Amino acid sequence: MIFKVESIKEPDSERLTFNIVSRYPRCFGGVFTIIDTGSPRTIISAKDAYLLKIPITNFQDAKDIKGFGKGGLPCKKIDKFKFYIKSEDNQIRNIEMPVYVVDIVQLNNMNKDLKENAYKIPSIIGLDFLKSQNLKLIVDLQNASYFQEINA
């Protein structure tokens with residue numbers, strides 16, 4: 001199967017994006033993600049955690065998310081986050097894998113500037129997604145970029 005990746009041009013940058021749809025119980029909805037091959041983890045942002053109403057207090061603490069300025073963002077680990085992706089030919093692939101989610105309960109107790117900046121950071125598809133789903137990322141900015149099953 002082929003899963004189309006979009007290229008979004010912004011002032012002074014270009015980003016690869018991919019949409020997933022949460023199927024986590026009582027937390028249904030779309031999540032717009034940035035593909036970050038430098039990230040070892042898939043991360044649900046503070047904004048998406050809030051919009052999906054993810055019950056943060058139900059999950060185990062995890063190491064802070066680093067790489068977003070000074071310090072880090074508090075996070076929790078969801079061992080079996082359920083979501084789906086849709087292929088180019090509209091086939092649905094259900095996925096259940098560990099993801100990390102920004103701990104918005106702790107974040108709301110932090111200083112205003114940190115909190116405001118954290119809500120601007122997007123959700124991220126990391127290398128763990130590619131590995132766990134046996135996918136490779138093909139990047140061709142002139143034509144089309146996509147995920148493809150390795151054994152396809």
Side-chain angles (χ1 to χ4, degrees), residues 1-24 27-54 56 59 62-78 81-93 95 97-150 152:
M1 275 193 269
I2 302 284
F3 302 94
K4 191 170 185 196
V5 169
E6 298 291 328
S7 176
I8 303 289
K9 291 182 181 173
E10 297 178 351
D12 300 321
S13 74
E14 189 165 359
R15 298 173 186 253
L16 295 175
T17 65
F18 189 67
N19 292 315
I20 66 172
V21 179
S22 171
R23 297 184 67 237
Y24 200 78
C27 301
F28 299 102
V31 178
F32 175 80
T33 67
I34 301 293
I35 299 168
D36 184 350
T37 58
S39 175
R41 308 190 271 183
T42 294
I43 301 166
I44 304 297
S45 70
K47 178 182 172 185
D48 289 324
Y50 175 80
L51 292 173
L52 292 172
K53 297 179 175 70
I54 295 175
I56 298 297
F59 305 107
K63 286 184 179 180
D64 285 358
I65 300 167
K66 304 280 186 186
F68 300 112
K70 293 182 180 178
L73 297 177
C75 79
K76 301 276 188 165
K77 182 179 180 185
I78 302 175
F81 188 72
K82 297 176 182 181
F83 61 99
Y84 73 82
I85 59 178
K86 194 181 279 190
S87 71
E88 198 170 50
D89 58 351
N90 289 320
Q91 292 183 51
I92 290 180
R93 179 172 180 170
I95 297 172
M97 66 175 271
V99 299
Y100 296 82
V101 60
V102 174
D103 184 342
I104 57 176
V105 173
Q106 281 190 49
L107 185 64
N108 286 335
N109 293 323
M110 298 177 133
N111 77 51
K112 182 182 172 188
D113 288 340
L114 179 63
K115 179 180 166 183
E116 286 177 2
N117 287 331
Y119 275 88
K120 294 176 186 174
I121 298 168
S123 292
I124 293 172
I125 290 286
L127 291 178
D128 57 345
F129 170 78
L130 293 170
K131 289 177 185 175
S132 71
Q133 299 309 305
N134 205 29
L135 296 171
K136 59 184 171 181
L137 173 61
I138 308 300
V139 178
D140 181 348
L141 297 176
Q142 304 306 317
N143 295 300
S145 297
Y146 54 91
F147 291 120
Q148 182 179 12
E149 292 176 318
I150 290 176

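All figures in this text were calculated on a predicted structure; none of them were measured in a lab. The analysis underlying the following values was restricted to heavy atoms, covering all of them including side chains, and did not include hydrogens, waters or symmetry mates.
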If you count heavy atoms of other groups shown closer than 6.0 angstrom to OH of Tyr84, is the number above 12? no
Pairwise distance CD1(Ile124) to CZ(Phe18) - rounded to 0.5 angstrom: 15.5 Å
Decide side-chain contact (heavy atoms from CB on, under 4.5 Å) for Leu16 and Leu141; before the verdict, give the C-alpha distance in whole Å, the side-chain angles of both, and the deciding distance to 0.1 Å. CA-CA 9 Å; Leu16 295 175; Leu141 297 176; 4.0 Å; yes
Provide the full list of side chain to side chain donor-acceptor pair (under 3.5 Å) pairs with a residue in residues 28-40, sequence neighbours left out, each pair given once. none
Check: Ser145 and Val139 side chains under 4.5 Å, non-hydrogen atoms: yes
Between Phe3 and Arg93, is there a side-chain heavy-atom distance shorter than 4.5 Å? yes
For Val21 and Ile92, what are the C-alpha separation, side-chain angles and deciding distance, and is it a side-chain contact (heavy atoms from CB on, under 4.5 Å)? CA-CA 10 Å; Val21 179; Ile92 290 180; over 6 Å; no
By side chain to side chain donor-acceptor pair (under 3.5 Å), which residues pair with Asp140, not counting sequence neighbours? Asn143
Kindly list each side-chain donor-acceptor pair under 3.5 angstrom involving residues 113-120, sequence neighbours excluded, with atom names and distances?
from, atom 1, to, atom 2, distance (Å)
Lys115, NZ, Asn108, OD1, 3.4
Asn117, ND2, Asp113, O, 3.3

Check: Ile43 and Ile121 side chains under 4.5 Å, non-hydrogen atoms: no
Correct closest heavy-atom pair for Met97 and Ser132 would be SD-OG, 3.6 Å
I'd like to check Phe147 versus Ile85 (side-chain heavy atoms, cut-off strictly below 4.5 Å). Are they in contact? no
How close do Pro98 and Lys77 get, heavy atom to heavy atom, and via which atoms? CB-CE, 3.8 Å
With rounding to the nearest 0.5 angstrom, report the CD to CG distance, Gln133 to Asp128. 9.5 Å
Just how far is it from atom OH of Tyr146 to atom CG of Leu137, taken to the nearest 0.5 Å? 10.0 Å
Reported CZ-to-OG distance for the pair Arg15 and Ser7, which is rounded to 0.5 angstrom: 11.0 Å
Separation between CG of Asp103 and CD1 of Ile56, rounded to the nearest 0.5 Å: 5.5 Å
Do Glu149 side-chain atoms and Met1 backbone N/O form a donor-acceptor pair below 3.5 Å? yes
As an exercise, state the distance from OH of Tyr100 to CD1 of Ile44, rounded to the nearest 0.5 Å. 12.5 Å
Do you know the tightest heavy-atom contact between Gly126 and Thr42? N-OG1, 3.1 Å
For Phe81, enumerate each residue passing the ring pair (Phe, Tyr, Trp, His ring centres under 6.0 Å) test, keeping only those at least two apart in sequence or located in another chain. Tyr24, Phe83
Using side-chain heavy atoms (C-beta onward) and a distance below 4.5 Å, is Phe129 in contact with Ile95? yes
Below 3.5 Å, can you tabulate the donor-acceptor pairs from side chains in residues 45-52 to any protein atom, sequence neighbours excluded?
from, atom 1, to, atom 2, distance (Å)
Ser45, OG, Asp48, N, 3.1
Ser45, OG, Asp48, OD2, 3.2
Ser45, OG, Ser123, OG, 3.3
Asp48, OD2, Ser123, OG, 2.5

Which atom of Cys75 lies closest to which atom of Arg41, heavy atoms considered: SG-NH1, 4.0 Å
Any residue meeting side chain to side chain donor-acceptor pair (under 3.5 Å) with Glu88, in chain and number order, not counting sequence neighbours: none
